[in-house]
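Here the structure is laid out as structure tokens; the discussion comes afterwards.
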Amino acid sequence: EPEVTQTPSHQVTQMGQEVILRCVPISNHLYFYWYRQILGQKVEFLVSFYNNEISEKSEIFDDQFSVERPDGSNFTLKIRSTKLEDSAMYFCASSESLGHSNQPQHFGDGTRLSIL
Amino acid sequence: AQSVTQPDIHITVSEGASLELRCNYSYGATPYLFWYVQSPGQGLQLLLKYFSGDTLVQGIKGFEAEFKRSQSSFNLRKPSVHWSDAAEYFCAVGAHTGTASKLTFGTGTRLQVTL
């Protein structure tokens with residue numbers, strides 16, 4: 001079964017450094033998402049992306065965050081200047097379509113980001 | 001805005017016993033409801049989904065859930081739990097927001113299975 005893949009599985013970064021988290025969504029999917037889960041807390045929506053632009057972003061997704069689909073297969077999340085509170089598990093998800101079929105979102109295994 | 005409440009933070013059941021995990025949602029329109037499971041160190045795996053139609057939905061691994069509009073609930077059930085079901089379970093509601101949809105998750109219920 002096709003799956004969403006995320007790299008790296010664990011990223012350790014110094015505070016203030018830039019970090020890029022990478023995701024390869026399922027190949028025929030058109031909608032892409034990032035979520036994060038701070039340790040011990042619930043999964044929170046960050047951003048959705050469709051047709052090469054952001055569809056919606058949460059209040060967490062401030063100017064330090066950006067997303068990009070640099071080619072036909074990758075979907076990246078960049079944090080420009082990391083803070084301690086950015087430490088979390090970041091999940092990428094993708095879905096095939098919207099509308100009446102309402103295909104569910106399929107999640108990757110996540111990238112654990114640790115800010116020192 | 002939509003929200004999800006999972007009132008049980010932690011549940012312990014014996015292997016072979018039945019299981020019900022509670023989920024209540026708040027959403028202004030017809031909800032799209034999901035249950036995901038997360039094993040330690042793993043991602044979120046979709047167990048089942050409700051979009052419309054039959055209010056009792058079957059999922060993977062022998063799980064089922066029943067949508068009750070009058071109670072704003074979408075409880076997850078399994079008739080006989082296996083030790084491998086120990087994990088964290090998340091209920092989520094999906095909302096259309098223009099050209100995409102976002103999921104709002106509950107805080108999760110951690111299931112422990114005793115042998």
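Just so it is clear: chains get the letters A, B, ... in the order the sequence lines come, proteins before strands, and each one is counted from 1.
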(message) Both conditions, 6.0 Å and 45 degrees, for the charged tip of B/Lys78 above the ring of B/Phe63: are they met here?
(response) yes
(message) Check B/Lys61 with B/Asp85, please: is the shortest side-chain N to carboxylate O separation under 4.0 Å?
(response) no
(request) Go through the atoms of A/Phe32 and report whether side chain, backbone, both or neither lie under 4.5 Å from a heavy atom of chain B. (result) neither
(request) Could you tell me which portion of B/Gln38 (side chain, backbone, both or neither) has an atom closer than 4.5 angstrom to a non-hydrogen atom of chain A? (result) side chain
(request) With a 4.5 angstrom heavy-atom cut-off, could you sort out which part of B/Leu103 is near chain A: side chain, backbone, both or neither? (result) both
(message) Is it the case that the side chains of B/Tyr27 and B/Ser72 hold a donor-acceptor pair, with the cut-off being a distance below 3.5 Å and no angle test?
(response) no
(message) Less than 3.5 Å apart, any donor N or O on the side chain of B/Ser73 or B/Asn75 sitting next to an acceptor on the other?
(response) no
(message) Tell me which of these, B/Gly108, B/Gly43, B/Ala92, has more heavy-atom pairs under 4.5 Å with chain A than the rest.
(response) B/Gly43
(message) With a sphere of 6.0 Å drawn around CG of A/Asp63, does it hold more than 12 non-hydrogen atoms of other residues, nucleotides or ligands?
(response) no
(message) Is A/Gln37 in contact with chain B via its backbone, its side chain, both, or neither, using a 4.5 Å heavy-atom distance?
(response) side chain
